[in-house]
Amino acid sequence: MLIPFREITRDALRRRYAVGAFNCLSVENVMGAVAAAEELHSPIILQLAEVQFPEAPMELMAPVFLRAARDAKVPVAVHLDHGRSIETCIRAVREGFTSVMFDGAELPFEENAEQTRLVVRLAHAAGVDVEAELGGEGTAAAAADVFTDVEESARFIARTGTDALAIAIGNLHGRYTATPRLNIARLREIHARNAVPLVLHGGSGTSEEDFKACIRNGICKINVATAIQIAAAEAVAEYLARGGSPGYIGIKRRIIEASQRAVAEHIRLFESDGKP
Ligand code: 13P
């Protein structure tokens with residue numbers, strides 16, 4: 001069933017688990033993710049990031065995401081991840097996404113707050129929720145000195161009215177060269193100061209210990225992309241390496257199964273199983 005982002009993340013905040021937000025670039029990823037959620041009786045968020053549009057155009061993917069969500073036996077929200085402009089956020093609203101992320105994290109504070117506030121006004125007018133980002137999550141070089149500031153987070157949330165906030169506590173997108181150590185003390189301070197659900201990006205490769213500490217301290221949504229892509233690529237490579245004559249249908253089946261396994265593993269880690 002298609003459920004608003006706000007309901008899913010607020011329930012996670014109240015019951016202290018994190019909902020997995022899984023980046024899906026294909027029908028196979030979507031089928032695998034929904035199968036995992038149904039198998040484990042878990043809510044999930046299906047999401048697509050703007051950088052992924054060349055391989056997974058939003059207007060083509062939207063009907064797949066929405067139909068899969070409506071048909072699912074568990075709560076599913078459909079979310080735009082890392083919208084780079086107000087225009088992209090509006091396009092997602094038009095397609096029926098239940099929430100959009102406006103990513104102004106690289107902008108100066110004032111500009112990020114101003115643009116996020118406008119996205120919130122426009123999206124809320126259409127009944128769509130908003131996730132914003134404050135702090136320098138993103139690239140390895142940026143990691144250490146750009147953690148989200150506690151006082152700025154409170155000012156930002158008050159100014160923008162965002163429904164959820166992605167924060168930077170040492171998390172990075174993509175493959176880690178070494179397992180990161182997240183700044184849980186900073187997370188705790190941000191959570192103590194703010195009532196909105198907090199979001200952790202760059203979920204792939206985080207240690208179980210850090211995931212659990214995040215969940216105990218206010219992280220309600222965790223984004224996972226790379227782990228699904230690695231699982232799918234490795235499953236296909238293994239299938240092809242077995243020799244014989246590989247078939248396209250066989251490749252698709254391996255991708256569905258690998259996506260399901262990767263999503264199920266994270267659902268268990270995030271403790272959202274059994275919380276429909
Ligand atoms: P990973 O690719 O590190 O899992 O990050 C996903 C993400 O944060 C998408 O916004």
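Along the sequence shown, residues carry numbers from 1. Read the numbers this way: they start at 1 and go in the same order the structure lists the ligands and their atoms.
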Under 4.0 Å from a heavy atom of [X]: give me the atoms of ligand 1 that qualify, with their elements.
| X | answer |
| --- | --- |
| Gly202 | 1 (P), 3 (O), 5 (O), 6 (C), 7 (C), 8 (O) |
| Ala225 | 1 (P), 2 (O), 4 (O), 6 (C) |
| His201 | 8 (O), 10 (O) |
| Val224 | 4 (O) |
| His82 | 10 (O) |
| Asn23 | 9 (C) |
| Thr226 | 1 (P), 2 (O), 3 (O), 4 (O) |
| Gly174 | 1 (P), 2 (O), 3 (O) |

(request) Report yes if the distance between the aromatic ring centroids of Phe211 and Phe270 is under 6.0 Å, otherwise no. (result)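 They qualify: ring centres under 6.0 Å apart.
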(message) Is any side-chain heavy atom of Val30 closer than 4.5 Å to one of Leu46?
(response)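 Side-chain contact under 4.5 Å: yes.
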(message) Any atom of ligand 1 sitting under 4.0 Å from a heavy atom of Gly203?
(response)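 Distance cut 4.0 Å: Gly203 passes for ligand 1.
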(request) Consider ligand 1: state whether an atom of it lies below 4.0 angstrom from any non-hydrogen atom of Ala227. (result)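 In this structure, Ala227 fails to qualify as a contact of ligand 1 - no heavy atom is under 4.0 Å.
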(message) Less than 3.5 Å apart, any donor N or O on the side chain of His124 or Asp163 sitting next to an acceptor on the other?
(response)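 Short answer, yes.
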(request) Taking all heavy atoms of Glu38 and all of Asp71, pick out the closest pair and write down the distance. (result)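 Closest approach of Glu38 to Asp71, heavy atoms only: OE2-O, 4.2 Å.
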(message) I'd like to check the side chain to side chain donor-acceptor pair (under 3.5 Å) partners of Lys73; sequence neighbours left out, ordered by chain and number.
(response)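 Scan of Lys73 (side chain to side chain donor-acceptor pair (under 3.5 Å), adjacent residues dropped) gives none.
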(message) Other members of the hydrophobic cluster containing Leu13, with the 4.5 Å side-chain heavy-atom rule, please.
(response)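 Reading the cluster by chain and number, Leu13 sits alone, since nothing else belongs.
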(message) Under 3.5 Å between any N/O of His173 and any N/O of ligand 1: does that happen in this structure?
(response)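 It does: an N or O of His173 is found under 3.5 Å from an N or O of ligand 1.
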(message) Using a 4.0 Å heavy-atom cut-off, which part of Asp81 comes near ligand 1: side chain, backbone, both, or neither?
(response)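 The part of Asp81 near ligand 1 is the side chain, not the backbone.
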(request) Determine the interplanar angle of the Phe97 and Phe65 rings, folded into 0 to 90°, and report it as parallel if under 30°, tilted if 30 to 60°, perpendicular if over 60°. (result) parallel
(message) Using a 6.0 Å distance limit plus a 45 degree cone around the ring axis, check whether Arg84 lies over the aromatic ring of Phe102.
(response) no
